[in-house]
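Quick note on labels: first sequence line is chain A, next is B, and so on, each numbered from 1. Since this is a predicted model, take the numbers as computed values, not measurements.
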Protein chains: 2
Amino acid sequence: MTSVEEPARPGERIRDAARTRAEILDVATQEFARAGYDGARVDEIAARTRTTKRMIYYYFGGKEQLFTAVLERAYGVIRQAEQQLDVDHLDPVAAIRRLAELTFDHHEQHPDFIRLVSIENIHGAQHIAGSEKLGKMGSPALDVIRRILASGQESGLFTADVDAVDLHAMISSFCFFRVSNRHTFGALFGRDLLDRGQRAHYRAMLGDMVIAYLTAERTAD
Amino acid sequence: MTSVEEPARPGERIRDAARTRAEILDVATQEFARAGYDGARVDEIAARTRTTKRMIYYYFGGKEQLFTAVLERAYGVIRQAEQQLDVDHLDPVAAIRRLAELTFDHHEQHPDFIRLVSIENIHGAQHIAGSEKLGKMGSPALDVIRRILASGQESGLFTADVDAVDLHAMISSFCFFRVSNRHTFGALFGRDLLDRGQRAHYRAMLGDMVIAYLTAERTAD
DNA sequence: TCACTAATGTACGAACCAGTACGTTAGCTA
DNA sequence: TAGCTAACGTACTGGTTCGTACATTAGTGA
């Protein structure tokens with residue numbers, strides 16, 4: 001997250017709406033990701049900020065709206081990263097593998113985001129439903145997948161009947177699960193899915209899986 | 001869940017420790033799955049039971065231990081279902097597909113369990129870590145996977161270097177994600193992963209994916 | 001049938017926590 | 001430089017919520 005850090009001489013009351021707002025969002029992101037929506041404490045967020053609880057209500061209106069704002073910014077970061085995707089110069093197989101790997105990397109690098117999404121799912125995605133910003137936000141990654149799929153299917157490399165949203169779900173599920181279920185999986189099977197030494201292994205496994213699926217001759221559907 | 005339902009004539013105070021305990025567990029499972037750990041209300045659980053809050057503390061000690069007990073029972077149900085797995089009479093390819101489909105079905109049929117696991121992950125799997133019962137509980141499904149893999153690799157049908165735990169993670173991730181991320185995925189991509197009309201499609205997709213991965217010639221590792 | 005204990009109910013307390021009433025000040029602009 | 005307002009701080013409240021002290025009764029074994 002874009003952390004805002006300035007020395008701030010003590011005793012002096014500096015006014016900076018943008019900085020205060022951003023700092024609240026930073027801390028709130030951590031707190032919500034740490035403890036879940038109901039577990040998060042507004043007082044705790046305020047305490048870890050250079051401002052007071054009053055400001056949270058001044059800028060965001062309430063805990064619920066604060067969580068929505070946190071989600072909006074977190075999704076914004078993801079979407080922005082997805083727009084950097086540039087795999088059009090690669091052949092379809094290499095392009096899909098690259099896309100899968102970037103998704104893999106991104107999930108690994110943003111565990112807080114994964115936790116926020118898990119939390120939002122526990123609450124039935126009600127904050128997304130109530131946010132205009134999140135409703136309108138498309139998914140650049142989907143467009144990329146669509147282009148690669150079309151190209152791969154046209155050249156006969158890929159099986160014809162694969163849908164972009166489905167493929168996105170397949171790639172996401174593997175990347176998401178690895179981060180979201182790290183703790184229970186580790187506790188039950190004694191294996192840390194985020195172990196650094198296993199990183200390359202799982203990254204290749206994802207790519208192999210997706211390519212195998214896309215290039216295999218399909219049984220009757 | 002094994003629901004306990006008996007008429008219970010009003011005004012009469014019937015003593016049945018086992019029934020009271022089981023009823024608390026049933027309701028607590030629903031409440032925790034509905035609202036998360038911190039969102040769940042002990043008073044609400046008590047209210048929806050034929051007994052009182054006092055009994056929750058009498059039998060379980062506290063909210064934390066109650067959640068652990070809920071988790072223990074939920075995992076117990078899963079493990080028991082896994083022990084019914086009987087695919088040894090099938091050839092490796094059919095056996096793996098059958099196993100994947102059973103996992104798929106089971107996740108679909110137990111959304112509360114999925115939610116509980118998501119919640120437990122938000123809290124770092126601390127309840128699993130603190131439970132002797134859950135630590136000792138193995139995974140029959142893993143043994144089945146091991147047997148099928150060995151057989152498939154021996155006959156040369158499957159690629160040699162696939163690990164049972166990894167394959168379990170792959171199958172689980174797809175099945176788990178479909179249920180756990182249903183709401184955010186639906187809100188963002190306008191597609192309900194649990195749509196009845198799409199069920200067969202996703203079920204086949206999972207099987208195809210796993211088989212394709214296991215039978216594809218692997219790139220240099 | 002009597003006494004004992006496991007099981008149950010009632011009523012309450014103390015801490016916590018989201019949200020707000022009210023007062024203050026920095027910094028801009030006319 | 002006077003005055004205005006956006007930005008900020010303090011102190012409090014009202015309701016909620018986990019947990020418990022204390023009282024009671026059903027069923028069982030001697």
Side-chain angles (χ1 to χ4, degrees), chain A residues 4 6-32 34-70 119 123 126-127 130, chain B residues 4 6-32 34-70 119 123 126-127 130:
Chain A
V4 190
E6 269 176 56
R9 286 153 291 181
E12 194 179 356
R13 192 152 143 186
I14 301 157
R15 303 197 157 198
D16 189 338
R19 195 211 60 182
T20 301
R21 232 188 102 96
E23 196 177 344
I24 291 172
L25 275 180
D26 282 343
V27 177
T29 299
Q30 292 171 29
E31 174 70 0
F32 280 123
R34 182 187 69 79
Y37 178 77
D38 290 288
R41 297 288 161 245
V42 176
D43 281 297
E44 177 64 22
I45 295 170
R48 286 169 47 205
T49 306
R50 267 173 296 178
T51 184
T52 63
K53 185 164 57 156
R54 176 74 184 74
M55 288 297 99
I56 292 174
Y57 289 88
Y58 183 70
Y59 283 117
F60 298 97
K63 189 182 183 181
E64 203 91 31
Q65 296 99 305
L66 175 60
F67 184 74
T68 301
V70 164
I119 292 160
H123 295 91
Q126 61 175 106
H127 304 95
Chain B
V4 190
E6 267 176 58
R9 286 152 291 180
E12 194 179 355
R13 194 154 143 185
I14 303 158
R15 302 197 159 199
D16 188 338
R19 195 211 61 183
T20 301
R21 232 187 103 96
E23 195 176 346
I24 291 172
L25 275 180
D26 281 343
V27 177
T29 298
Q30 291 171 29
E31 174 69 1
F32 279 124
R34 182 189 68 80
Y37 178 77
D38 290 287
R41 298 287 160 247
V42 177
D43 282 298
E44 177 65 21
I45 294 170
R48 285 168 49 205
T49 306
R50 267 173 297 178
T51 182
T52 64
K53 186 165 55 157
R54 178 69 185 79
M55 288 299 98
I56 293 174
Y57 288 88
Y58 183 71
Y59 283 117
F60 299 96
K63 190 181 181 181
E64 204 90 32
Q65 296 98 304
L66 176 60
F67 184 74
T68 301
V70 164
I119 291 160
H123 295 90
Q126 59 175 107
H127 304 93

Review point. Do B/Ile45 and B/Leu66 have side-chain heavy atoms sitting under 4.5 Å apart?
Key: yes
Review point. Can you list the residues that meet the side-chain hydrogen bond (donor to acceptor under 3.5 Å, both in side chains) rule with A/Glu44, with sequence neighbours excluded?
Key: none
Practice item. Could you list the residues that satisfy side-chain contact (heavy atoms from CB on, under 4.5 Å) with B/Gln65, not counting sequence neighbours? Key: none
Check your understanding: For A/Asp16 and D/dG9, what is the distance between atoms CG and P respectively, to the nearest whole Å?
Key -> 13 Å
Check your understanding: What pairs with A/Phe67 under ring-ring contact (aromatic ring centres under 6.0 Å, His included), at least two apart in sequence or on another chain?
Key -> A/Phe32, A/Tyr37, A/His127
**Study point:** Dot-bracket line, read 5' to 3' along DNA chain D, where crossing pairs take [ ] and | marks a partner on another strand, Watson-Crick or G-U under 3.5 Å
**Key:** ||||||||||||||||||||||||||||||
Exercise for review: Return the set of residues passing salt bridge (charged side-chain N to carboxylate O under 4.0 Å, His left out) with B/Arg34 (not counting sequence neighbours), or none when no residue passes.
Suggested key: B/Glu31
Review point. Any donor-acceptor pair under 3.5 Å linking the side chain of A/Arg50 with the backbone of A/Ala47?
Key: no
Review point. Quick one, which residues of residues 51-64 of chain A touch DNA chain D with a heavy atom under 4.0 Å?
Key: A/Thr51, A/Thr52, A/Arg54, A/Met55, A/Tyr58, A/Tyr59
**Study point:** Atom pair distance, as rounded to whole Å: CZ in A/Arg21 and P in D/dC8
**Key:** 12 Å
Review point. Which residues satisfy the side-chain contact (heavy atoms from CB on, under 4.5 Å) test with A/Ala35, sequence neighbours excluded?
Key: none
Point to revise | Euclidean distance, atom CZ of residue A/Phe32 to atom C1' of C/dA18 [Å, nearest integer] | key: 12 Å
Review point. Which residues pass the side-chain contact (heavy atoms from CB on, under 4.5 Å) test with A/Tyr58, sequence neighbours left out?
Key: A/Arg54, A/Met55
Review point. Which heavy atom of B/Ala28 sits nearest a heavy atom of B/Val70, and at what distance?
Key: CB-CG2, 3.8 Å
Exercise for review: List in chain and number order the residues that pass salt bridge (charged side-chain N to carboxylate O under 4.0 Å, His left out) with A/Asp43, two or more places apart in sequence or in another chain; answer none if no residue qualifies.
Suggested key: A/Lys53
Check your understanding: D/dG19 C1' sits how many Å from B/Leu66 CG, rounded?
Key -> 13 Å
**Study point:** Any residue of residues 34-47 of chain A with a heavy atom less than 4.0 Å from an atom of DNA chain C
**Key:** A/Ala40, A/Arg41, A/Val42, A/Asp43
